[in-house]
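Encoded as structure tokens, the structure appears first; notes follow it.
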Amino acid sequence: MAKKYIFVTGGVVSSLGKGLTSASIATILELRGLSVTIQKLDPYINVDPGTMSPHQHGEVFVTDDGAETDLDLGHYERFLTTKMNRQSNFTSGQVYYTVIERERKGGYLGRTVQVIPHITDEIKARIERGTEGFDVAIIEIGGTVGDIESLPFLEAIRQMKTKLGRDNSISIHLTLIPYLKSADELKTKPTQNSVHQLMQIGIQADLLICRTEQDIPEEVKDKIALFCNLQSKHVFTAKDLSIIYELPISLHEQGLDKEILNLLVLESKEPDLSKWHHIVNTLQNPQYSVNIAIVGKYDNPKESYKSLNEALIHGGIANRCKVHLSYIDSESVENLDISFENYNAILIPGGFGKRGIEGKIKAIKYARERKIPFLGICLGMQLTVVEFSRNIANLEGANSTEFNPTTDYPVISLMESQKNSDYLGATMRLGAYTADITPNTLTEKIYGISQISERHRHRFEFNNRYLQILKEKGLIIGAISEKESLVETVELENHPWFLGCQFHPEFKSKPFMPHPIFTSFIKATLDYKWNKNSN
Ligand code: GLN
């Protein structure tokens, strides 16, 4: 059990940025010398987001220990030094699953099993287990106050708050203050209602963070405070920011961390936010810029590829470079003779399903032939192997068994461990695996070490039956997993920068610790642009 708890809820509308706000508070407290962790509680029934479409729910973030989790955990890891794990995210589905399994085994000794206390007890137990040993635990409740499905979670934190007492737990409520153009006014009523709704459940918000498009004048803050049973100094603003990494700075400048410490009766040193200032400065004053084409399936690219987008920005920070991302629908590439003339690099991200596959292969061929910097991640790596097999090794009919089970040359095939999995949830090859780097390869140049550990989420793999023949034709194997001899990176001869990786490097990139693959990729992209312009 942690020493102090901060419960974060959201009201009025969804998508207010609770995850980023929780991560920002956590980083400030960490910079004050406290040990901090964050837990995300999701009220939906899915056991984890692994079975949900990223187009609906956003990216599935993968932890080192192989949990498929909510994308907010990506923000937490990018902002914190604390690593997330299997216990850092749980859903109603997981809670009910445990309680029902226990009931079937007779664990409740004949009692009637109920939401209160059995479901709420399980929620509390998971919070206590997941936050053990930290000075401060931030518990973010997904969804919006007023949703039927988040009630057991709110009831559980109400119980915890009562038991922990005033000095050991606080509640932060995030709301929206909309601006009505016709009235030229910031409207506080939805916030008042949301705080009242929380109060009906028995939770008084201790601090309010209001999302707005404009600064909130003091008199509006006073009004919010009056109606929400708060002091004005406990009402904070989270104005829309063009750079998300400004949020910790903005919250600290308003004194949010000081108020949190006062309420929690905690003492700590002043935080040094210079690393955040440095990142924001670099992003605001880039010296260079590049255009990268990301060829994939897009309904909701900002959310579906959250970590990837951030990792590319981090690679940009390392090179003082603004990274423009253009999402190109792979189906449109399939049918058109599309030119990538205006781009300085091509990237194929991870993905599932058949749609748009041939378009991605076409884009890979283009990058290979025209020597444009290319990065293929997971599915992107697998398709580079297909493209190479077809067009360089001349294995006509080379394919992935995922898309064509009867292929002549199944260069990408289902992993042995996946053959009996029936495609159920949480059955992929998930989480961190180590790999040995081949000397004198691009992979070695990028990492500068001989062994790496990266995160995975896949069912298919490079088919080692074709390893020899593809190597003979010039495919370079940059890294192989230690235990399973699974190909982890592939490269090309005579190409300035061409890398396919079976793992997802984006999950381990942080703004102040850009992942070496992204640093190197952006550098190559800049070199390519420079050379092209000077020719
Ligand atoms: N669909 C591929 C597989 O399961 C790639 C997965 C991915 O890109 N994450 O192996």
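For this chain, numbers begin at 1 and follow the sequence in order. Note that ligands are numbered from 1 as they come in the structure, with each ligand's atoms numbered from 1 the same way.
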TODO: Verify whether one side chain among Thr406 and Asn404 offers a donor that lies under 3.5 Å from an acceptor in the other.
DONE: yes

Open item on the list: I'd like to know if Gln382 contacts ligand 1, where contact means a heavy-atom distance under 4.0 Å to any ligand atom.
Closed with: yes

TODO: Write out the residue and atom name of the closest protein heavy atom to atom 5 (C) of ligand 1, then the distance separating them to 0.1 Å.
DONE: Gly351 O, 3.4 Å

Task: Residue Leu379 vicinity, atoms of ligand 1 by number, heavy atom under 4.0 Å - done: 5 (C), 7 (C), 8 (O)

- [ ] Take every heavy atom of His504, measure it against each atom of ligand 1, and state whether any distance is under 4.0 Å.
- [x] yes

- [ ] Go through the steps to decide whether Phe374 and Trp497 satisfy the test ring-ring contact (aromatic ring centres under 6.0 Å, His included), and finish with yes or no.
- [x] CA-CA 6 Å; Phe374 173 84; Trp497 207 100; 8.8 Å; no

Task: From Phe61 atom CZ to Thr69 atom OG1, the distance as rounded to the nearest 0.5 Å - done: 6.0 Å

- [ ] Decide yes or no on salt bridge (Lys or Arg N to Asp or Glu O under 4.0 Å) for Arg390 and Glu358, but give the supporting numbers first.
- [x] CA-CA 12 Å; Arg390 285 187 196 170; Glu358 290 304 323; 3.0 Å; yes

Task: Protein heavy-atom partner closest to atom 7 (C) of ligand 1 - residue, atom, separation in Å - done: Cys378 SG, 2.9 Å

Task: Proximity winner for atom 2 (C) of ligand 1, if only heavy atoms of Arg457, Gln502, Arg459, Glu402 are counted - done: Glu402

Open item on the list: Students should be able to answer this: which protein heavy-atom is nearest to atom 10 (O) of ligand 1, and at what distance?
Closed with: Phe460 N, 2.9 Å

Task: Side chains of Gln502 and Gln382, donor plus acceptor under 3.5 Å - done: yes

- [ ] Using a 4.5 Å cut-off on heavy atoms from C-beta on, say whether the side chain of His504 contacts that of His456.
- [x] no

TODO: Run the numbers for me: atoms of ligand 1, each under 4.0 Å from some heavy atom of Gly350, listed by number.
DONE: 8 (O)

